[in-house]
Amino acid sequence: MATRYKQERWYWPSFGNMADAEQAANQGFWAAVFVAAVTTLFATISAFSSHNVMGIDPFAYVDAVVFAVIAWRIRRRSRAFAIAGLVLFTVEKIFQFTTQPLALVGVLMAIVLFVCFINAVRGTFAYHRMLVASAQEPAPANS
């Protein structure tokens with residue numbers, strides 16, 4: 001059974017069981033879905049307006065697809081894709097903030113998404129650690 005997160009603990013949940021780890025991993029899933037959706041939106045606006053929007057051009061559809069795949073794999077509890085999501089998001093935000101000074105408006109949203117990707121990494125690793133531990137527990141004896 002999943003424990004209920006206290007409102008002040010969404011940013012650094014503790015893992016008492018596998019459901020807690022799944023909830024933390026799902027933060028990264030939703031962050032990747034959000035990034036893919038917003039990137040798709042801006043790429044579409046850029047394609048129809050024939051100029052870049054916040055440094056995003058129509059080639060950003062590739063980025064949106066990559067984040068959609070990352071979301072799908074995080075949902076399947078992939079540790080590698082959780083790390084890939086965190087690294088790709090971090091690199092893209094560093095690049096965006098250094099090349100697009102007006103993008104600093106979204107720094108709060110970037111921090112929230114960054115924390116969600118960190119929790120995805122923590123959650124997927126905790127999930128697999130608990131999965132291995134539960135597989136190694138001896139089965140209860142039938143009396």
Side-chain angles (χ1 to χ4, degrees), residues 1-140:
M1 182 87 172
T3 59
R4 288 188 141 296
Y5 284 104
K6 296 178 183 170
Q7 189 172 5
E8 68 273 9
R9 291 296 306 236
W10 71 268
Y11 55 87
W12 200 258
S14 58
F15 307 117
N17 53 38
M18 288 180 73
D20 292 339
E22 288 173 348
Q23 279 184 320
N26 285 342
Q27 287 184 13
F29 164 75
W30 288 112
V33 166
F34 180 79
V35 170
V38 169
T39 302
T40 300
L41 176 68
F42 284 149
T44 302
I45 292 170
S46 175
F48 285 111
S49 68
S50 70
H51 69 276
N52 293 353
V53 177
M54 303 263 313
I56 297 176
D57 59 14
F59 292 109
Y61 284 119
V62 174
D63 191 50
V65 169
V66 168
F67 272 103
V69 169
I70 287 171
W72 166 60
R73 295 305 300 164
I74 289 175
R75 186 73 167 181
R76 305 275 299 163
R77 309 297 177 238
S78 170
R79 293 171 286 197
F81 278 87
I83 292 169
L86 174 63
V87 169
L88 182 61
F89 181 77
T90 302
V91 168
E92 286 186 354
K93 285 301 157 187
I94 289 170
F95 179 76
Q96 182 184 23
F97 291 147
T98 57
T99 60
Q100 300 290 326
L102 294 177
L104 289 175
V105 173
V107 73
L108 182 61
M109 180 59 71
I111 291 169
V112 169
L113 292 171
F114 180 72
V115 170
C116 290
F117 279 115
I118 289 174
N119 285 335
V121 172
R122 293 179 62 233
T124 55
F125 274 87
Y127 175 83
H128 286 280
R129 189 172 47 250
M130 290 177 191
L131 193 64
V132 168
S134 69
Q136 292 176 349
E137 289 179 2

Show every donor-acceptor pair shorter than 3.5 Å between a side-chain atom in residues 45-56 and any protein atom, with sequence neighbours excluded, or say none if there are none.
residue: Ser46; atom: OG; partner: His51; partner atom: O; Å: 3.2
residue: Ser46; atom: OG; partner: Ile56; partner atom: O; Å: 3.1
residue: Ser49; atom: OG; partner: Ile45; partner atom: O; Å: 2.8
residue: Ser49; atom: OG; partner: His51; partner atom: O; Å: 3.4
residue: Ser49; atom: OG; partner: His51; partner atom: ND1; Å: 3.4
residue: His51; atom: ND1; partner: Ser49; partner atom: O; Å: 3.2

Exercise for the section: Decide side-chain contact (heavy atoms from CB on, under 4.5 Å) for Ile83 and Phe125; before the verdict, give the C-alpha distance in whole Å, the side-chain angles of both, and the deciding distance to 0.1 Å. Expected result: CA-CA 10 Å; Ile83 292 169; Phe125 274 87; 3.7 Å; yes
Handout entry: Verdict with reasoning, Val121 to Arg79, per side-chain contact (heavy atoms from CB on, under 4.5 Å)
Key = CA-CA 6 Å; Val121 172; Arg79 293 171 286 197; over 6 Å; no
Exercise for the section: Start with the C-alpha gap between Trp12 and Ile118, add the side-chain angles, then the distance that decides, and say whether side-chain contact (heavy atoms from CB on, under 4.5 Å) holds. Expected result: CA-CA 9 Å; Trp12 200 258; Ile118 289 174; 3.9 Å; yes
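Partners of Ala84 under the side-chain contact (heavy atoms from CB on, under 4.5 Å) rule, at least two apart in sequence or in another chain, do not exist in this structure.
The shortest side-chain heavy-atom distance between Thr40 and Val65 does not fall under the 4.5 Å cut-off. The side-chain heavy atoms of Gln27 and Phe117, taken from C-beta on, include no pair separated by under 4.5 Å. Looking only at side-chain heavy atoms (C-beta outward), Val112 and Tyr11 stay at 4.5 Å or farther from each other.
In this structure, NE2 in His128 is found 8.5 Å from CZ in Arg77, a value given to the nearest 0.5 Å. Atom CD1 of Ile111 is separated from atom SG of Cys116 by 12.0 Å, given to the nearest 0.5 angstrom. Interatomic distance, CZ of Arg73 versus OG of Ser78, reported as 5.0 Å (0.5 Å rounding). Note: Glu22 CD to Tyr127 OH = 5.5 Å, rounded to the nearest 0.5 Å. Between the CE atom in Met130 and the CG atom in Asp20 there is a gap of 7.0 Å [rounded to 0.5 Å]. With values rounded to the nearest 0.5 angstrom, Ile70 atom CD1 is found 7.0 Å from Phe81 atom CZ.
Closest heavy-atom contact between Ala68 and Ala36: N-CB, 3.9 Å. Here the closest non-hydrogen pair linking Ala126 and Phe15 is CB-CD1, 3.7 Å. Of all heavy-atom pairs between Thr124 and Ala82, the closest is OG1-CB, 3.7 Å.
Remark: the backbone N or O of Phe29 is not paired with any side-chain donor or acceptor of Asn26 at under 3.5 angstrom. Proximity of a side-chain donor or acceptor of Arg122 to a complementary backbone N or O of Pro13 within less than 3.5 Å is detected.
No more than 12 heavy atoms of other residues, nucleotides or ligands shown are found within 6.0 angstrom of CZ on Phe95.
Ring pair Phe67/Phe89 is perpendicular by interplanar angle, where above 60° counts as perpendicular and below 30° as parallel.
Thr39 and Tyr61 form no side-chain donor-acceptor contact under 3.5 Å, judged by distance and modelled atom types alone.
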